[in-house]
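Below is one structure, written out as structure tokens; comments come after it.
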Amino acid sequence: MGIILKPFAMLLMFFYNFFSSYGIALILFALVVKLILFPLSLKGKKSMIKMNLLSGKMQQLQKQYGKDRERYNMEVQRLYEREKVNPMSGCLWSFLPILILLPLYAIIRQPLLYLMGLDSNQIAQVAASVDWQTLAVNHGWVTADAMAKLVEQFNAGEIATVFQNVGYNQLYLASLVNENTLPAITAALGEGTRVFVMNFDFLGLDLAMLPTWKIWEHLNWQYIGAFLLIVISAFSSIFMSKISMKTNQMNNQSGNEQVEKTNRIMMWTMPLMSLWIGFMMPVAMCVYWIANSLFSVIQELIAGKILKKDYEAARAAAAERERQEKEEEKRRKEEARLER
């Protein structure tokens, strides 16, 4: 797992070292991810257009083999192979940002491990060097009952297990490393360690904190600002989904079931995902998700211009197919009239 996460951690640390801001590092991380995935996204959209162009042939196959489902599926598969179209590639690209979210979440949750390179024993030494118990409860990171259990494990010598497996303890510990606590931590760990003070402040918010929807219990900018970020995140996801549907409007108009299904899923999934990320994960993840949504909007607009000719060709093909279907229907009615 560490091998997979290492490139992500190195990229995030590169931006952090350059700007000394965790928030800016996350935004630039999202930008680089979008740039890397853009060719795949473009390929997925082209596949969606190809699927749209094949819808006429698929309707013909439906008329011929609709009653024989096995034969119909076989003929559809042959059509995909002949036209070199992957029916899944048109929607899979939409979920790539979520796949990127998983390793990033692990890195954000465990900065002492992935960004500072500490092992479990060193993490335990960091915990023993700062007053994490009082600060964790005061900041609302854990409840008093949960903290009592952690203290019990700490006193039993199980602190390495606690900080390896429970919640966001590594993130909280990293936020407690400051100019006052760093000397004691460095002395405990010895020379050669990479422990440093991380700047979690962004727009006056602590990116290491967990937000809450009960903002009336915490009437300060930290919690109110975090709540506003979650709202912005949800609306930016809705806006991104609408832009995506607009750039794929040719496929929607042609009745491509796969495209319409993908659009419906994205329309509901992304805002719900934004709310879940916002309230269940640290503020840092919400900042990344907003940046990802805004960059996705820009990506969709650029992709729409690049694929304009392809969309126009698909639109013309759909119009021609509709004309032929009307003529065919007219011909059948005329033949039926003559027979009568």
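Side-chain contact check for Phe202 versus Val283: every heavy-atom pair is 4.5 Å or farther apart. Side-chain contact between Val287 and Leu205 is absent, with no heavy atoms from C-beta onward closer than 4.5 Å. You'll find the side chain of Met116 reaches within 4.5 Å of the side chain of Met198, heavy atoms only. Looking at heavy atoms from C-beta onward, Ser274 lies out of side-chain contact with Ile230 at the 4.5 angstrom threshold. Contact annotation: the side chain of Trp221 approaches that of Leu228 to within less than 4.5 Å [non-hydrogen atoms, C-beta and beyond]. For the pair Met240 and Val297, the minimum side-chain heavy-atom distance is below 4.5 Å.
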(message) Could you go through Val33 and Leu104, starting from their C-alpha distance and side-chain angles, then the distance that decides it, and tell me whether this counts as side-chain contact (heavy atoms from CB on, under 4.5 Å)?
(response) CA-CA 11 Å; Val33 168; Leu104 180 63; over 6 Å; no
(message) Using side-chain contact (heavy atoms from CB on, under 4.5 Å), reason through Leu12 and Tyr114 one step at a time and then give a plain yes or no.
(response) CA-CA 10 Å; Leu12 190 61; Tyr114 293 111; over 6 Å; no
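For Arg194 (side chain) and Leu115 (main-chain N/O), a donor-acceptor pair under 3.5 Å exists by modelled atom type. Side chain of Gln222 to main chain of Gly204: a donor-acceptor pair is present (N/O by atom type, distance under 3.5 Å, no hydrogens or angles). Between the Ser41 side chain and the Leu37 main chain, no donor and acceptor come within less than 3.5 Å of each other. Counting only distance, with no hydrogens or angles, the side chain of Gln122 and the backbone of Asp119 share a donor-acceptor pair below 3.5 Å.
Met281 approaches Tyr105 most closely through the heavy-atom pair SD-CD1, 3.7 Å. For Pro211 against Ala226, the heavy-atom pair with the smallest separation is CB-CB, 3.8 Å. Nearest approach of Phe8 to Ile107, heavy atoms of both residues: CB-CD1, 3.4 Å. Residues Leu118 and Leu113 approach most closely at O-CD1, 3.3 Å, considering heavy atoms. Between Val177 and Val197 the shortest heavy-atom distance is O-CG1, 3.5 Å.
Distance check, rounded to the nearest 0.5 Å: CH2 of Trp289 to OG of Ser296 gives 8.0 Å. Between the CG atom in Leu207 and the CD1 atom in Ile108 there is a gap of 8.5 Å [rounded to 0.5 Å]. Distance check, rounded to the nearest 0.5 Å: CZ of Phe29 to CZ of Phe14 gives 13.5 Å. To the nearest 0.5 Å, the span separating CH2 on Trp276 from OG on Ser233 amounts to 12.5 Å. Rounding to the nearest 0.5 Å gives a distance of 9.0 Å between SG of Cys286 and CG of Leu275. Annotation: the span from Leu210 atom CG to Tyr223 atom OH amounts to 8.5 Å, rounded to 0.5 Å.
Around atom CE of Met74, more than 12 heavy atoms belonging to other residues, nucleotides or ligands sit under 6.0 Å away. No more than 12 heavy-atom neighbours from other residues, nucleotides or ligands sit within 6.0 angstrom of CZ on Phe239.
Residues forming a side chain to side chain contact (heavy atoms under 4.5 Å, CB included) with Ile302 (at least two apart in sequence, or on another chain): Phe38, Ile298, Ile306.
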Please output the side-chain donor-acceptor pairs of residues 17-27 that fall under 3.5 Å, not counting sequence neighbours, one pair per line with the distance.
| from | atom 1 | to | atom 2 | distance (Å) |
| --- | --- | --- | --- | --- |
| Asn17 | ND2 | Met13 | O | 3.1 |
| Ser21 | OG | Ile24 | N | 3.4 |

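Tyr16 and Leu203 fall within the same hydrophobic cluster, where Ile, Leu, Val, Met, Phe, Trp and Tyr residues are linked whenever their side-chain heavy atoms come under 4.5 Å apart, directly or through other members. Following chains of ILVMFWY side-chain contacts shorter than 4.5 Å, one can reach Ile36 starting from Leu294, so the two form part of one hydrophobic cluster.
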